[in-house]
Novice: 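Below is the structure I would like to discuss, written out as structure tokens.
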Protein chains: 2
Amino acid sequence: MEPTDRKRPTIYDVAREAGVATSTVSRALTNPGRVNARTRDRVVEVAQQLGYRTNPLAQALPSGRTRTVALLVSDVTNPHFFGIIRGAEQQTRAAGCTLILADTEESPDLEAAHIERLSGSVDGFVIAASRMSDQQIGELTDRHRLTLISRQVTGVPSAIVDHEDGTRQIIEHLASLGHRSVVYAAGPRRSWLAAKRWHAIRAVTRKLGLSATRLGPFPPAVRGGAAAADAALGQGATAVIAHNDLLAIGMLRRFTDREVHVPRDISVVGYDDIFGADFCSPPLTTLAGQFDEAGRLAIDLLLGTRDGTRPPQADNQVVLPSHLVVRGSTGRAPS
Amino acid sequence: MEPTDRKRPTIYDVAREAGVATSTVSRALTNPGRVNARTRDRVVEVAQQLGYRTNPLAQALPSGRTRTVALLVSDVTNPHFFGIIRGAEQQTRAAGCTLILADTEESPDLEAAHIERLSGSVDGFVIAASRMSDQQIGELTDRHRLTLISRQVTGVPSAIVDHEDGTRQIIEHLASLGHRSVVYAAGPRRSWLAAKRWHAIRAVTRKLGLSATRLGPFPPAVRGGAAAADAALGQGATAVIAHNDLLAIGMLRRFTDREVHVPRDISVVGYDDIFGADFCSPPLTTLAGQFDEAGRLAIDLLLGTRDGTRPPQADNQVVLPSHLVVRGSTGRAPS
DNA sequence: CAAAGTTTGGCAACCGCTTGCAGTCGATTT
DNA sequence: AAATCGACTGCAAGCGGTTGCCAAACTTTG
């Protein structure tokens with residue numbers, strides 16, 4: 001006894017029962033203005049009573065609209081993406097659509113493969129922290145609806161959390177604590193964010209007369225922290241900005257193991273304010289942003305369902321504000 | 001200039017180009033044995049060179065197989081589900097299928113609604129930590145393919161992490177540290193796991209001659225920790241077992257705020273060994289299980305793609321082993 | 001009251017792929 | 001050499017909706 005769906009009623013059943021043509025049923029259900037109110041009511045009632053549910057596949061085939069969108073993230077287990085996933089999920093649901101989740105494992109090829117595979121079964125893609133090149137993304141945009149999170153490419157809609165102003169906040173915070181130089185523990189070579197963050201760090205430090213050094217790249221995960229921490233100590237750093245909170249937390253652990261005291265001996269700052277940043281030891285000073293909002297926005301941009309309350313940005317590239325959350329991992333520079 | 005997919009080649013294009021009927025193309029591509037090797041090679045070659053990609057929707061419509069499965073989790077932002085999501089994602093991909101992710105927000109109604117909505121666009125459902133009643137689940141099984149994670153219902157395939165043996169490990173650990181009584185900070189009333197865990201705690205404590213008290217229910221999230229911690233202190237507990245790590249971490253924070261020292265004054269144990277359990281303060285003693293494996297297994301069970309290496313369990317209810325990870329949050333009972 | 005203009009609703013052709021059925025043709029059996 | 005048999009492959013009918021086009025019915029207008 002295979003547990004298969006029983007025969008579900010189709011528009012044919014509804015049409016027969018209501019004494020109209022299938023086209024009328026179809027219109028009554030999807031294009032209410034096109035059919036007489038009385039007929040429509042009857043159709044709707046019959047449909048209701050038969051327990052009719054429109055078959056999304058059959059609907060998608062001729063219309064081409066699948067009411068489904070795909071979200072590609074570079075690592076589903078990275079807490080950074082939780083907010084994004086949740087926001088995207090909520091907004092997708094709110095739009096009456098369905099979310100497909102795919103893990104790209106930090107690989108541009110896998111990103112492309114997923115898009116290729118899903119093309120045709122989704123109306124569009126949201127890519128978070130894409131590892132593809134600007135050119136690749138540009139080419140994809142010609143053939144698919146596409147929006148980006150934490151990445152900007154000319155001509156492609158996107159939602160990012162402000163990294164320039166955020167980095168300024170970080171550096172000023174460190175400068176005010178007396179730090180004269182900072183070390184950046186960089187993320188993956190492919191990472192657009194890593195490049196941007198380093199760029200911003202350089203710009204701000206220069207303006208404030210601090211010096212900046214880049215180390216890495218390191219894998220943006222807790223396991224990358226040990227090497228990053230050791231490298232930072234090797235530099236004699238007093239303050240280190242990690243590419244993200246995972247890396248920062250990994251560094252904190254390494255410092256603890258090596259009996260380097262944070263923040264007395266060295267200050268640590270992360271990006272993203274992920275789950276755990278507030279209860280690691282010491283709690284992490286980090287740049288927070290509304291990533292769930294970024295997820296929601298990316299879906300809105302993709303589906304064209306943005307509410308009018310938000311002023312339209314040029315080129316549909318939305319920049320969300322960020323703010324520094326100061327916790328225990330930063331302190332006065334050692335003298 | 002709408003960025004829409006260009007006209008993709010169809011089997012008609014391939015058929016014309018290869019000089020065969022569409023049915024032959026279809027068979028050559030999906031049912032290789034049914035067609036002559038030479039013809040097949042030519043079809044495949046033409047398809048390849050035209051860049052033909054089968055349209056999954058059109059394929060699913062007549063066949064009924066969507067090659068898509070849905071994963072329902074009660075809270076996408078709960079790190080506990082990361083492993084499950086990742087495992088399910090991997091295995092789905094390995095089977096050449098696509099994963100749809102839905103958040104049920106701890107609501108049985110939303111679970112049912114999602115299933116209703118997705119029915120027809122997926123081949124089956126995996127429900128993690130379902131909040132539905134046994135009866136509801138039983139009824140759904142009649143109409144849909146369905147497997148469960150962290151939940152057992154007679155006649156429904158499932159993958160769970162051993163809670164009975166795991167709970168025994170927890171209690172024995174506490175007993176060996178001199179604790180004579182334990183408090184269980186319970187999860188949601190609807191949670192099957194919460195009931196099972198309490199049941200196991202009772203059974204084991206009784207056998208070892210300890211006493212056990214249940215408090216709660218508490219929301220299984222960090223924010224539930226404060227109330228749980230206060231309640232535990234009110235009981236004069238020396239050891240508390242939290243429903244899950246989130247709750248445990250929330251309790252740890254509350255104890256810190258109230259200057260109750262863990263583990264000197266009170267020991268805390270969690271379940272799941274989530275991200276963060278190893279770097280909270282103090283690091284959390286918790287019951288670990290292979291949840292990614294549970295995710296993979298649930299997909300295998302659903303799709304019938306289980307490799308033969310694992311001996312078949314009765315009723316397809318797989319129980320994965322669990323093991324206690326002892327960290328800093330448990331210690332000798334105060335005298 | 002006829003002519004012209006609106007609605008309504010039915011017909012039928014797809015959307016791209018699967019599959020039961022039947023016809024073709026060379027090979028094997030008797 | 002005729003009959004039988006398989007292996008292939010093509011035909012065509014769906015799968016469950018959508019939608020352009022057209023005719024019928026109903027309104028409005030002169």
Side-chain angles (χ1 to χ4, degrees), chain A residues 4-44 46-47 50-68 96 117-123, chain B residues 4-44 46-47 50-68 96 117-123:
Chain A
T4 172
D5 302 20
R6 303 194 199 311
K7 217 69 192 144
R8 297 207 314 189
T10 72
I11 48 169
Y12 290 89
D13 300 315
V14 177
R16 178 162 19 77
E17 204 70 19
V20 297
T22 61
S23 48
T24 304
V25 176
S26 174
R27 284 193 277 256
L29 265 26
T30 64
N31 201 347
R34 194 60 185 66
V35 67
N36 184 305
R38 287 242 310 283
T39 333
R40 167 157 34 92
D41 288 348
R42 188 148 46 80
V43 169
V44 169
V46 170
L50 250 47
Y52 168 79
R53 316 254 57 190
T54 163
N55 178 330
L57 271 65
Q59 182 161 15
L61 188 48
S63 70
R65 289 212 53 204
T66 60
R67 303 191 65 77
T68 300
R117 180 177 61 87
L118 293 174
S119 148
S121 14
V122 300
D123 290 341
Chain B
T4 170
D5 302 23
R6 303 192 201 311
K7 215 72 192 142
R8 299 206 313 189
T10 71
I11 49 170
Y12 290 91
D13 300 315
V14 177
R16 179 164 16 80
E17 204 69 19
V20 297
T22 61
S23 48
T24 303
V25 177
S26 174
R27 283 191 277 255
L29 264 25
T30 64
N31 203 347
R34 272 301 266 109
V35 66
N36 183 304
R38 287 241 310 285
T39 328
R40 166 157 33 91
D41 289 348
R42 188 148 46 80
V43 169
V44 170
V46 170
L50 252 46
Y52 167 80
R53 317 254 56 188
T54 164
N55 177 330
L57 270 66
Q59 181 161 14
L61 189 48
S63 71
R65 288 210 55 204
T66 60
R67 304 191 63 78
T68 300
R117 179 177 61 88
L118 292 174
S119 149
S121 13
V122 300
D123 290 340

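Numbered from 1 within each chain, the chains take letters A, B, ... in sequence-line order.
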Novice: How many whole angstroms separate atom CG of Leu29(A) from atom C1' of dT18(D)?
Specialist: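 So the CG-C1' distance, Leu29(A) to dT18(D), works out to 12 Å.
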
Novice: Please work out if Val25(A) contacts a base, only the sugar-phosphate, or nothing of the nucleic acid, heavy-atom cut-off 4.0 Å.
Specialist: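 Result for Val25(A) = nothing.
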
Novice: Along DNA chain C, 5' to 3', what are the outermost nucleotides having an atom less than 4.0 Å from a heavy atom of chain B?
Specialist: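 Result: dG16(C) to dG20(C).
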
Novice: Locate the shortest heavy-atom distance separating Val43(A) from Ala28(A); write the atom from each residue and the value.
Specialist: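 In terms of heavy atoms, the two residues are closest at CG1-CB, 3.9 Å.
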
Novice: Report the residues that fulfil side chain to side chain contact (heavy atoms under 4.5 Å, CB included) with Asn36(A), sequence neighbours left out, ordered by chain and then residue number.
Specialist: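 Side chain to side chain contact (heavy atoms under 4.5 Å, CB included) check on Asn36(A) returns Arg38(A), Thr39(A).
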
Novice: Does any pair with a residue in residues 55-68 of chain A pass side chain to side chain donor-acceptor pair (under 3.5 Å), and if so which ones, sequence neighbours excluded?
Specialist: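 Side chain to side chain donor-acceptor pair (under 3.5 Å) check on residues 55-68 of chain A returns Thr54(A)-Gln59(A), Thr66(A)-Asp123(A).
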
Novice: What residue among Val25(B), Ile11(B), Val14(B), Val46(B) forms side-chain contact (heavy atoms from CB on, under 4.5 Å) with Val20(B)?
Specialist: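 Only one of Val25(B), Ile11(B), Val14(B), Val46(B) forms a side-chain contact (heavy atoms from CB on, under 4.5 Å) with Val20(B), namely Val25(B).
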
Novice: Is there any salt bridge (Lys or Arg N to Asp or Glu O under 4.0 Å) pair reaching into residues 51-61 of chain A, and which pairs are they, with sequence neighbours excluded?
Specialist: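 Counting only pairs at least two positions apart or across chains, the salt bridge (Lys or Arg N to Asp or Glu O under 4.0 Å) contacts touching residues 51-61 of chain A are Arg53(A)-Glu116(B).
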
Novice: If you take all heavy atoms of Thr10(B) and Tyr52(B), which pair is closest and at what distance?
Specialist: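 The pair with the smallest heavy-atom distance is C-CE1, 3.6 Å.
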
Novice: Using a cut-off of 4.0 Å between protein heavy atoms and nucleotide atoms, how would you tag nucleotides 11-17 of chain D 5' to 3' with B, S and -?
Specialist: BB-BBBB

Novice: Does Thr30(B) reach the main-chain N or O of Ser26(B) with its side chain, forming a donor-acceptor pair under 3.5 Å?
Specialist: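 Side chain of Thr30(B) to backbone of Ser26(B), a donor-acceptor pair under 3.5 Å: yes, one is there.
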
Novice: Is there any salt bridge (Lys or Arg N to Asp or Glu O under 4.0 Å) pair reaching into residues 13-30 of chain A, and which pairs are they, with sequence neighbours excluded?
Specialist: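 Sorted pair list: Asp13(A)-Arg16(A).
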
Novice: Which sits closer to the 5' end of DNA chain D, Thr24(B) or Asn31(A), going by the nucleotide each is nearest to?
Specialist: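 Looking at the nearest nucleotide for each, Thr24(B) comes out on the 5' side.
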
Novice: Do Thr24(B) and Arg40(B) pass the side chain to side chain donor-acceptor pair (under 3.5 Å) test, and can you show the C-alpha distance, the side-chain angles, and the key distance before you say yes or no?
Specialist: CA-CA 8 Å; Thr24(B) 303; Arg40(B) 166 157 33 91; over 6 Å; no

Novice: To the nearest 10°, let me know how far the axis at one end of the helix from dC1(C)-dG30(D) to dT30(C)-dA1(D) is tilted from the axis at the other, five pairs an end.
Specialist: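 Answer for the end axes of this duplex: 40°.
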
Novice: Roughly how many Å is it from CZ in Arg38(B) to C1' in dT9(D), rounded to a whole number?
Specialist: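 These atoms are roughly 14 Å apart.
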
Novice: Under the rule for salt bridge (charged side-chain N to carboxylate O under 4.0 Å, His left out), what residues qualify as partners of Arg117(B), not counting sequence neighbours?
Specialist: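 Listed in chain order: nothing, the list is empty.
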
